[in-house]
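To start, the structure under review is shown below, and the notes come after it.
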Number of protein chains: 2
Amino acid sequence: MNIEQEDLKRSEIFKVLSDPNRLRMIRILYQSGREMTCGEVGEKLSVSKSTVSYHFKLLRAVGLTHTRKAAQSKYLSLNQQTFAKYLPGFLDSL
Amino acid sequence: MNIEQEDLKRSEIFKVLSDPNRLRMIRILYQSGREMTCGEVGEKLSVSKSTVSYHFKLLRAVGLTHTRKAAQSKYLSLNQQTFAKYLPGFLDSL
DNA sequence: CATGTTATTCGATAATCATCGAACTAAGGC
DNA sequence: GCCTTAGTTCGATGATTATCGAATAACATG
């Protein structure tokens, strides 16, 4: 990847992190230290489930989270590799 | 500062970093290792000077840069402390 | 198969954003 | 005092965004 593309990727990641609700989601996932479902996270944020789904889609799209499907639920967890590459030390600063 | 406020501050910083042109500005400043004027940076990005001024204002507003005024020019430099606090290791990953 | 749970998709809407050129301010040099 | 240089501010505009509720899809369980 050249610098142009790297910058675009970086700015996309920052854009995804620039919403307070998404930041909270990440903190919730990080501090829980386990997988969580959409509903579980959404409950803590008091926003509609469609909005939660929207945010989760964005987080997934830039590789910040990983999704495991099981039955009707989807379990989300942080993708530590992406954080390590683009935001070294960030998670620990939360 | 409580967590709510910290998250707002964080998301503001990320929002400022989520624009490719502002990211390039930061890279330019970082790699040059010195102060630069608005015009100097703007030249490298081929955007209008009003747009550059707009971006610089945002960077300053969240404390990512520092401005020193001298004669008609304004010299910009990165505020390393803000990076260290909110994005440890980020500059080195550029 | 009917019902309930979990999540996604689809408009719609109000808000925010990046960009420009033009007008303006401030400072120097002639 | 004028012109030049360096930045800022001010609309205006087109694009993107966050949010919601309603409709839909996928799966499980009675």
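Computed from heavy atoms alone, side chains included, the values below leave out hydrogens, waters and symmetry copies. Numbered from 1 within each chain, the chains take letters A, B, ... in sequence-line order.
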_Range on DNA chain D touched by chain A, heavy atoms, distance below 4.0 Å_ = dT17(D) to dA28(D)
*Where at least one partner belongs to residues 6-19 of chain A, residue pairs that pass side chain to side chain donor-acceptor pair (under 3.5 Å), sequence neighbours excluded*: D7(A)-R27(B)
*asked:* Within the supplied structure, the quantity of interest is the number of heavy atoms (other residues, nucleotides, ligands) at a distance under 6.0 Å from Q31(B) CD; does it exceed 12?
replied: yes
*Flag the pair Y30(B) / F90(B) as yes when their ring centroid distance falls below 6.0 Å, and as no otherwise.*
no
*At what angle, to 10 degrees, do the two end axes of the helix from dC1(C)-dG30(D) to dC30(C)-dG1(D) meet, given five pairs define each axis?*
10°
_Close residues, residues 4-27 of chain B, relative to DNA chain D [heavy-atom separation under 4.0 Å]_ = none
*Under 4.0 Å protein heavy-atom contact, by nucleotide of nucleotides 6-12 of chain C - B base, S sugar-phosphate only*: SBBB---
_Surrounding CD of Q81(B) (heavy atoms of other residues, nucleotides or ligands, distance under 6.0 Å), is the total greater than 12?_
no
*Polar side-chain atom of R22(B) near backbone of V16(B) as donor-acceptor pair, under 3.5 Å*: yes
_Suppose we screen for salt bridge (charged side-chain N to carboxylate O under 4.0 Å, His left out). Which residues come up paired with E43(B), at least two apart in sequence or across chains?_
none
*Below 4.0 Å: OP1/OP2 of dT19(C) and any side-chain N or O of H55(B)*: yes
*Between T51(A) and S48(A), a side-chain donor and acceptor under 3.5 Å*: yes
*asked:* Looking at N79(B) and H66(B), would you say the former's side chain and the latter's main chain have a donor-acceptor pair under 3.5 Å?
replied: no
*Mind checking whether I26(B) and L59(B) have side chains closer than 4.5 Å, heavy atoms only?*
yes
_Before you tell me yes or no, could you show the steps for R60(B) and T67(B) under side chain to side chain donor-acceptor pair (under 3.5 Å), namely the whole-Å CA-CA distance, both residues' side-chain angles and the distance that decides it to 0.1 Å?_
CA-CA 8 Å; R60(B) 224 181 307 125; T67(B) 304; 3.0 Å; yes
*Assess whether atom CD of E4(A) is packed by more than 12 heavy atoms of other residues, nucleotides or ligands within 6.0 Å.*
no
_Nearest-0.5 Å distance that lies between atom CD1 in I13(A) and atom NZ in K85(A)_ = 8.5 Å
